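Here is the structure we will look at.
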Amino acid sequence: DAKTTQPNSMESNEEEPVHLPCNHSTISGTDYIHWYRQLPSQGPEYVIHGLTSNVNNRMASLAIAEDRKSSTLILHRATLRDAAVYYCILITRTYKYIFGTGTRLKVLA
Amino acid sequence: GAVVSQHPSRVICKSGTSVKIECRSLDFQATTMFWYRQFPKQSLMLMATSNEGSKATYEQGVEKDKFLINHASLTLSTLTVTSAHPEDSSFYICSAERGGIYNEQFFGPGTRLTVL
């Protein structure tokens with residue numbers, strides 16, 4: 001199964017943009033890139049997904065490298081409620097979600 | 001839409017007893033549901049894939065006789081932890097696959113199991 005690599009933790013100041021990177025060098029052509037986040041003691045929450053093109057929704061933006069070997073989740077204005085563990089997941093043909101370690105985002109007031 | 005619930009949200013039991021956790025897709029039908037386990041400060045680990053009307057597929061290292069999974073309908077899957085021991089204490093999370101082009105999964109809120 002394709003794997004992803006993310007930094008263990010990141011910090012951001014409130015109201016500032018946050019760029020969360022993810023490396024997925026073994027991605028195959030049919031793998032979708034999904035981002036989820038998990039607040040403490042809760043199940044993961046869908047954030048955004050993409051295949052090749054950059055994507056925007058009300059929560060975030062997803063920038064995908066041209067070779068698709070990396071992607072970046074962009075939170076345009078971090079709030080305290082965005083403090084969570086963010087997971088970058090490749091959705092393979094088997095549709096099994098393989099969670100990596102994720103990035104623990106800390107937002108400073 | 002696409003809401004998944006779990007019951008109970010928290011359970012404490014004595015060692016040696018069995019505990020059943022329910023996972024329901026409230027507003028869509030899910031032919032496939034997944035069960036994950038998460039230890040403190042760790043990531044989610046897939047335990048098994050539950051398919052409606054058929055036997056579950058367990059990941060390597062997960063004891064199928066200990067973690068019984070039943071997917072009796074398109075909206076309900078249950079996980080029973082049999083003869084629970086303290087090392088089974090964990091956060092159990094289910095997800096339901098809605099289908100479509102990329103079969104995205106929607107996650108339940110999780111069940112905190114504590115075995116005394």
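What you see is a predicted model, and the numbers here were worked out from it, not measured in a lab. Atom set for the values below is all heavy atoms of this structure, side chains included, hydrogens, waters and symmetry mates excluded. By convention in this document, chain letters (A, B, ...) are assigned in the order of the sequence lines, proteins followed by strands, and residues within each chain are numbered from 1.
Ring centers of F99(A) and F107(B): under 6.0 Å apart, within the cut-off.
Within the structure, the disulfide bond (SG atoms under 2.5 Å apart) test picks out the following pairs touching residues 7-88 of chain A (sequence neighbours left out): C22(A)-C88(A).
The environment of CE in M59(A) is crowded: more than 12 heavy-atom neighbours from other residues, nucleotides or ligands sit within 6.0 Å. The environment of K66(B) atom NZ is dense: over 12 non-hydrogen atoms of other residues, nucleotides or ligands sit within 6.0 angstrom. The environment of H7(B) atom NE2 is sparse: at most 12 non-hydrogen atoms of other residues, nucleotides or ligands sit within 6.0 angstrom. Atom CD of E66(A) has 12 or fewer neighbouring heavy atoms from other residues, nucleotides or ligands inside a 6.0 Å radius.
Only the side chain of Q38(B) comes within less than 4.5 Å of a heavy atom in chain A; its backbone stays farther off. Heavy atoms of L46(B) lying under 4.5 Å from chain A belong exclusively to its side chain.
In plain terms, the two heavy atoms of Q105(B) and Y36(A) that are nearest each other are O-OH, 2.8 Å. Contact record, S43(B) with T101(A): CB-CA, 4.3 Å, taken as the closest heavy-atom pair.
Atoms CD1 and CD, from I93(B) and Q38(A) in turn, are 5.0 Å apart once rounded to the nearest 0.5 Å.
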